[in-house]
Undergrad: 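My structure is below; once you've seen it, I'll send some questions.
First the proteins, then the strands, lettered A, B, ... as listed; each starts at 1.
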There are 2 protein chains.
Amino acid sequence: MSGDAQISRLKPGRRTDIRRENERAILEAAEKVFAEAGFGGATMQLIADMAGLPKANLHYYFATKEDLYRRVVQQIFEIWLDAASSFDDAPGPVEGIGAYIDAKMDISRTHPHGSKVWASEVMHGAPVIQDYLETTLRDWTDGRIAVIQRWIDEGKMAPINPRHMLYMLWATTQHYADFGHQIQTLNDGKPLSDKQWREAKASVRDMVLRGIGAI
Amino acid sequence: MSGDAQISRLKPGRRTDIRRENERAILEAAEKVFAEAGFGGATMQLIADMAGLPKANLHYYFATKEDLYRRVVQQIFEIWLDAASSFDDAPGPVEGIGAYIDAKMDISRTHPHGSKVWASEVMHGAPVIQDYLETTLRDWTDGRIAVIQRWIDEGKMAPINPRHMLYMLWATTQHYADFGHQIQTLNDGKPLSDKQWREAKASVRDMVLRGIGAI
DNA sequence: ATTCTTGTTGACCGATTGGTCAGGTTGTGT
DNA sequence: ACACAACCTGACCAATCGGTCAACAAGAAT
């Protein structure tokens, strides 16, 4: 994951920059292609074309198609985990869950491709990130359920089932990324405007917070 | 779509039965394979094996892979449209939306594969059912939004945005099918029991109905 | 019994795929 | 100037794919 910080650090180095830039371009292109075509439908040639590199060059940086795919999936998972920090250090559900919804809605807008790749991965049985689900995600989920249960016990929200609340939250926020095309079609074929996104965020936040009796 | 009701109807006919049974077996296998591997990852050979037929026989009933895929997508869409009738003839949101949630949750349990195929299709830009989104789905959505708006005007629920309420409803109910694997992993690797499904349905219904101020 | 339609299938084909590799170029340290 | 490592890439390959086809088997109609 991270272990190359010793060799030749006199200058930022053009060589290092080349590697970093090419890997970034490949990952960006791969995220888009995997999202739009799925793992099976994506081709290394298409990713290469979109990244502006010859196909053989992709295999210089990423050994196999699966390695590249794995990196893309890990990327969105880490982004989501970072956003989850909104949950901590909150005095109650209105602040904690409200901030979490805002963060996840923002990610759905800024990283729609990653969200789709994750959804596709899970739908296909999570062949490459099953261990993440069983360790990191499970631990995170259990921790937040405990926090929510405490808020319930303190009378700060209705006695709902915390687990199903999390599912509703995940489902609703990610829906704006995963089903973005359907939403756009129902919006006269135009992407949601800034104003419409603000209304979407406010609607989701209000409905969820009212649904769990926090407001 | 439907136009063979004239020729040779003396008996139910073994030939007709063969065709119906084979098409059914192929569609069932295809739904599963498309859901688990995506359109690009699915192979006609795999579908044939699962249906218990030689591959060449698939092309006798369905000309191309895309034709077969199209039929699978149309199937789940019609099932959802049928369930949407729960919405009509309801005196208020508690009955109408409550029944709709129940129906969609039941479908997520009984037809998880179809739901995944639909999700995958939409995520990839709806290449084969774009016209359905622009016609049937749009009309249906506009109609229900009008009903919901009427309920709001009659003071039967809070003045939420009907469109975003529908999105939350679709997202949450279909999440139990599309992300069933993730839910199962977080349930100690075991599928939801009958009791857990009842609790899921009740949780979703309660949170949504409370979220829109109907209870 | 003969004819015709429907259903069945192994063998095959062109196209595309992920991945390899040899031989090249470019930048870096000495 | 030299050597070395990192980077680049056209050409190539075995495997797999969707789809075709000719030959055949089985019911139905006459």
Undergrad: Under a 4.0 Å threshold between the charged nitrogen and the carboxylate oxygen, would A/R19 count as salt-bridged to A/E23?
TA: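 A/R19 and A/E23: salt-bridged.
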Undergrad: Indicate, with a heavy-atom threshold strictly under 4.0 Å, whether B/A48 touches base, sugar-phosphate, or nothing.
TA: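 No contact.
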Undergrad: Roughly, in whole Å, what's the span from CG in A/L58 to P in D/dG10?
TA: 13 Å
Undergrad: Thinking salt bridges, do B/R138 and B/D131 make one under a 4.0 Å N-O criterion?
TA: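 No.
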Undergrad: Would you mind reading off the distance between B/N57 atom CG and D/dG18 atom P, rounded to a whole angstrom?
TA: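 Whole-Å distance recorded here is 16 Å.
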Undergrad: Take the protein atom CG of B/D17 and the nucleotide atom P of D/dA26, then report the distance between them rounded to whole Å.
TA: 18 Å
Undergrad: Nearest whole angstrom, please: distance from the P of D/dC17 to the CD of B/E66.
TA: 18 Å
Undergrad: Separation of A/Q45 atom CD from C/dT17 atom P, in whole Å?
TA: 8 Å
Undergrad: Please state whether the phosphate of C/dT8, meaning OP1 or OP2, lies under 4.0 angstrom from any side-chain nitrogen or oxygen of B/N22.
TA: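 True: B/N22 side-chain N/O within range (under 4.0 Å) of C/dT8 OP1/OP2.
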Undergrad: OP1 or OP2 of D/dA6 sitting under 4.0 Å from any side-chain N/O of A/R19?
TA: no
Undergrad: Tell me the interatomic distance from B/K55, atom NZ, to D/dT16, atom C1', rounded to whole angstroms.
TA: 10 Å
Undergrad: I'd like to know if A/K201 and A/D106 make a salt bridge, using a cut-off of under 4.0 Å between side-chain N and carboxylate O.
TA: yes
Undergrad: Answer with base, sugar-phosphate or nothing: what part of the nucleic acid does A/Y61 contact at a heavy-atom distance below 4.0 Å?
TA: sugar-phosphate
Undergrad: Specify the residue among A/Y60 and A/A56 whose closest nucleotide of DNA chain D lies further upstream toward the 5′ end.
TA: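 Final value for this comparison: A/Y60.
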Undergrad: I'd like to know if A/D139 and A/R144 make a salt bridge, using a cut-off of under 4.0 Å between side-chain N and carboxylate O.
TA: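 Looking at A/R144 together with A/D139, the answer is no, because their closest N to O distance does not fall below 4.0 Å.
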Undergrad: Any salt bridge linking B/R24 with B/D17? Criterion: basic side-chain nitrogen under 4.0 Å from a carboxylate oxygen.
TA: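 A salt bridge is absent here (no side-chain N lies under 4.0 Å from a carboxylate O).
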Undergrad: Once hydrogens and angles are ignored, does a donor-acceptor distance under 3.5 Å link the base of C/dG19 to the side chain of A/K65?
TA: no
Undergrad: Whole Å only: how far is the CG atom of B/L68 from the C1' atom of D/dG19?
TA: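 Rounding to the nearest Å, CG of B/L68 and C1' of D/dG19 are 14 Å apart.
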Undergrad: Can you tell me how far P of D/dC7 sits from CD1 of A/I18, to the nearest Å?
TA: 7 Å
